[in-house]
Number of protein chains: 2
Amino acid sequence: MTITSYTWYMPASHTAPERFPVTVDVVALTVRNSQLNVLLITRLIEPFKGKLALPGGFVLAGEDLLEAAGRELAEEAGVEHLPGHLEQLGSYGPKGRDPRGDVLTVAHLLLAPDFPVLSAGSDAEQAAWYPVREVLDGTYQLAFDHSRILADALERAKSKLEYSPLGAAFCGEEFTIAQLRAVYEAVWGTRLDPRNFHRKATGTPGFLEDTGRMTAGDAGRPAALFRLAPEARPTPGHPARAVLNPPLMRPRD
Amino acid sequence: MTITSYTWYMPASHTAPERFPVTVDVVALTVRNSQLNVLLITRLIEPFKGKLALPGGFVLAGEDLLEAAGRELAEEAGVEHLPGHLEQLGSYGPKGRDPRGDVLTVAHLLLAPDFPVLSAGSDAEQAAWYPVREVLDGTYQLAFDHSRILADALERAKSKLEYSPLGAAFCGEEFTIAQLRAVYEAVWGTRLDPRNFHRKATGTPGFLEDTGRMTAGDAGRPAALFRLAPEARPTPGHPARAVLNPPLMRPRD
DNA sequence: GAAGTTATCGTCATGTTGACAATAAAGGTT
DNA sequence: AACCTTTATTGTCAACATGACGATAACTTC
């Protein structure tokens with residue numbers, strides 16, 4: 001259905017409302033060997049040709065935002081089923097983001113276990129994981145306002161870990177306390193005392209559930225395998241409801 | 001500037017990107033005689049004629065989102081200068097929100113001291129404060145998906161009070177601890193112990209600053225007047241930076 | 001002046017944190 | 001097999017924060 005007349009919410013000028021191209025961008029974060037990484041694509045065309053950018057693309061007619069974000073991510077990363085937790089981060093623009101005109105973008109945040117990115121053909125935009133640290137310190141330049149979006153995403157991710165059980169979104173189905181701690185350390189950029197973290201993680205009601213199984217083959221004493229407790233698991237409609245209370249304290253910056 | 005061709009971010013179909021009407025809506029909250037209130041307008045036309053809705057309107061060309069939200073709010077509430085703290089809440093749509101077609105809306109949240117709403121002429125949409133409680137319990141019906149947006153806004157407001165100094169955004173420049181406590185009680189919908197709240201509010205470094213002045217004329221012992229500490233005041237670019245740590249604990253639901 | 005009201009300061013038991021000792025259970029080394 | 005290294009897990013303890021309330025202080029109202 002196309003809207004041909006607007007008689008409501010009429011701007012003072014009494015003209016038809018402006019229409020904007022709307023894109024979704026995704027800040028996909030994961031932890032690879034104890035480092036926080038972000039998924040970026042290399043732009044093959046102007047503007048910002050050769051620069052790195054967040055994966056994303058236009059919202060299509062009849063699509064919702066999360067839907068569009070999931071679709072774009074799946075397309076550009078070359079995966080079928082989206083792993084991890086996807087949520088909306090915030091909207092940017094439409095003014096002054098793109099040299100070619102006003103574009104509104106709705107940024108999203110994906111917290112996911114490490115997954116392999118498909119190496120597409122050479123004519124497609126190449127997606128790959130990049131250490132967040134190296135993106136922030138200027139080793140790489142991001143296109144558009146994607147640096148700011150990344151910064152906002154990081155701040156969101158950091159605080160998510162404090163109050164929600166979403167740290168586990170970076171892990172697989174089952175994980176050890178040490179693996180979960182590595183997530184917190186990578187996202188927060190700090191070191192945490194293993195003993196205190198263990199106490200807090202296992203002692204918080206409604207957070208973790210012991211599987212009864214253990215790791216084997218690694219160095220050191222085998223570790224117990226945990227999974228998210230049912231109350232902490234995301235359910236359709238109520239993503240990640242349960243809250244860590246009191247929060248897992250992040251050391252003061 | 002009008003965009004006539006898109007050669008980047010090209011959807012698979014290789015057609016020009018869809019364009020959407022984009023609106024901003026504002027959930028304006030305030031505390032009036034110990035009750036949380038929300039600013040709503042009465043719709044004068046279809047759809048949802050006669051129903052209540054959040055103030056809002058179309059984003060204009062060359063406008064940014066916060067700008068548009070501030071403008072719409074000022075227009076519909078009939079105020080010149082926006083009081084309080086305005087921030088983006090999140091985006092909704094574009095699918096299935098409006099019976100007439102896809103519209104993307106970016107919801108915003110305003111936390112403000114009680115301010116008088118201009119009673120515009122009878123041909124304009126009438127804006128007024130409504131107790132949030134009565135909106136939630138079904139006494140009033142909201143248009144579009146505005147009930148959901150209001151619910152999300154409330155959740156955001158509640159958690160904002162825990163970790164940020166934004167409770168003070170509901171108060172004027174100077175306020176007493178009891179006034180601040182009334183804000184927390186109204187937003188959280190709980191009663192707080194005055195003595196413990198006083199201890200926490202005045203004992204949190206970087207939150208409040210004693211003005212040295214006192215109230216007079218009210219019932220009971222005069223109260224000291226406080227203002228936000230400089231570290232907790234919003235500055236252009238860094239809105240409400242300082243964080244309450246540890247947070248002001250909200251009683252478990 | 002007495003009573004009522006609100007603000008503010010204290011007290012105390014309980015719970016949480018941060019620092020760190022000690023033990024457990026594996027693999028690797030000699 | 002005895003030892004060493006590594007990592008996991010269980011405790012201990014002081015410092016601090018919270019929640020529940022007692023006790024005053026300083027006004028207004030009657």
Side-chain angles (χ1 to χ4, degrees), chain A residues 33-34 161-163 167 171 174-186 188 190-227 243-253, chain B residues 33-34 161-163 167 171 174-186 188 190-227 243-253:
Chain A
N33 40 272
S34 302
L161 292 209
E162 293 188 271
Y163 313 114
C171 304
E174 298 187 353
F175 49 87
T176 67
I177 302 293
Q179 287 165 359
L180 185 62
R181 176 166 48 86
V183 166
Y184 277 78
E185 293 182 332
W188 287 348
T190 58
R191 308 233 102 223
L192 300 172
D193 184 287
R195 298 158 291 189
N196 291 337
F197 184 86
H198 189 282
R199 177 183 59 194
K200 177 72 177 176
T202 58
T204 298
F207 186 19
L208 299 183
E209 190 176 67
D210 198 332
T211 65
R213 312 202 308 118
M214 309 281 287
T215 58
D218 300 330
R221 174 176 169 177
L225 282 166
F226 292 82
R227 70 170 77 89
V243 162
L244 268 46
N245 188 287
L248 237 155
M249 299 291 243
R250 142 162 67 147
R252 290 286 82 222
D253 306 317
Chain B
N33 39 273
S34 303
L161 293 209
E162 292 189 273
Y163 313 115
C171 304
E174 298 187 354
F175 48 88
T176 67
I177 301 293
Q179 288 166 358
L180 185 61
R181 177 166 48 85
V183 167
Y184 278 78
E185 292 182 332
W188 287 348
T190 59
R191 310 232 101 225
L192 300 172
D193 184 285
R195 299 159 289 191
N196 291 338
F197 184 86
H198 189 281
R199 177 182 58 193
K200 177 69 177 178
T202 57
T204 298
F207 186 18
L208 299 182
E209 189 176 69
D210 198 333
T211 65
R213 311 200 310 119
M214 309 280 287
T215 58
D218 299 330
R221 173 175 170 178
L225 282 166
F226 291 82
R227 69 170 77 90
V243 163
L244 268 47
N245 188 283
L248 239 154
M249 298 293 242
R250 142 163 66 148
R252 290 287 82 224
D253 306 319

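By convention in this document, chain letters (A, B, ...) are assigned in the order of the sequence lines, proteins followed by strands, and residues within each chain are numbered from 1.
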* Structure fact -> Assert: residue with more 5' nearest nucleotide on DNA chain C, out of B:F226 and B:G220, is B:G220
* What are the two closest heavy atoms between A:W188 and A:P251, and how far apart are they? -> CE3-CD, 4.0 Å
* Just how far, in rounded Å, is P of D:dT18 from CZ of B:R195? -> 16 Å
* Asked: Pick the nucleotide of DNA chain D nearest each of B:P246 and A:A224; which residue has the one closer to the 5' end?
  -> A:A224
* Asked: Is the closest side-chain heavy-atom distance between B:P246 and A:P246 below 4.5 Å?
  -> no
* Structure fact -> From the candidates D:dC27, D:dA20, C:dA26, the one with an atom nearest any side-chain atom of B:R199 is D:dA20
* Asked: Run the side chain to side chain contact (heavy atoms under 4.5 Å, CB included) check on A:D210 and A:F226 step by step: do they pass?
  -> CA-CA 5 Å; A:D210 198 332; A:F226 292 82; 4.0 Å; yes
* **Residue-phosphate contact under 4.0 Å: B:R181 side-chain N/O, C:dA7 OP1/OP2** => yes
* Structure fact -> Separation of C:dT17 atom C1' from A:L244 atom CG, nearest Å, is 15 Å
* To do: Measure the distance from CG on B:L180 to P on C:dT6 and round it to the nearest whole Å.
  => 18 Å
* Asked: Taking all atoms of both residues into account, what is the closest heavy-atom pair of A:A223 and A:T176, and its distance?
  -> CB-CG2, 3.8 Å
* Asked: CG of B:L225 versus P of C:dA7: gap in Å, rounded?
  -> 11 Å
* With respect to the phosphate group of C:dT17, does any side-chain polar atom (N or O) of A:K200 fall under 4.0 Å of OP1 or OP2? -> yes
* Reckon A:H198 has a side-chain N or O less than 4.0 Å from the OP1 or OP2 of D:dT9? -> yes
* Asked: C:dT17 P sits how many Å from A:L248 CG, rounded?
  -> 8 Å
* Side chain of A:A223 - closest among C:dT6, D:dA8, D:dT7 -> D:dA8
* **Spacing between A:N196 atom CG and D:dT12 atom P, to the nearest angstrom** => 15 Å
* To do: Indicate, with a heavy-atom threshold strictly under 4.0 Å, whether A:A216 touches base, sugar-phosphate, or nothing.
  => nothing
* Send over the distance from A:N245 CG to C:dT17 P, rounded to a whole Å. => 10 Å
* Expected output: side-chain B:T211 to main-chain B:L225 donor-acceptor under 3.5 Å -> yes
* Atom-to-atom span, CE of A:M249 to C1' of D:dA15 - whole angstrom -> 14 Å
* Asked: Under the 3.5 Å rule, do the base of C:dG4 and the side chain of B:R221 count as making a donor-acceptor pair?
  -> no
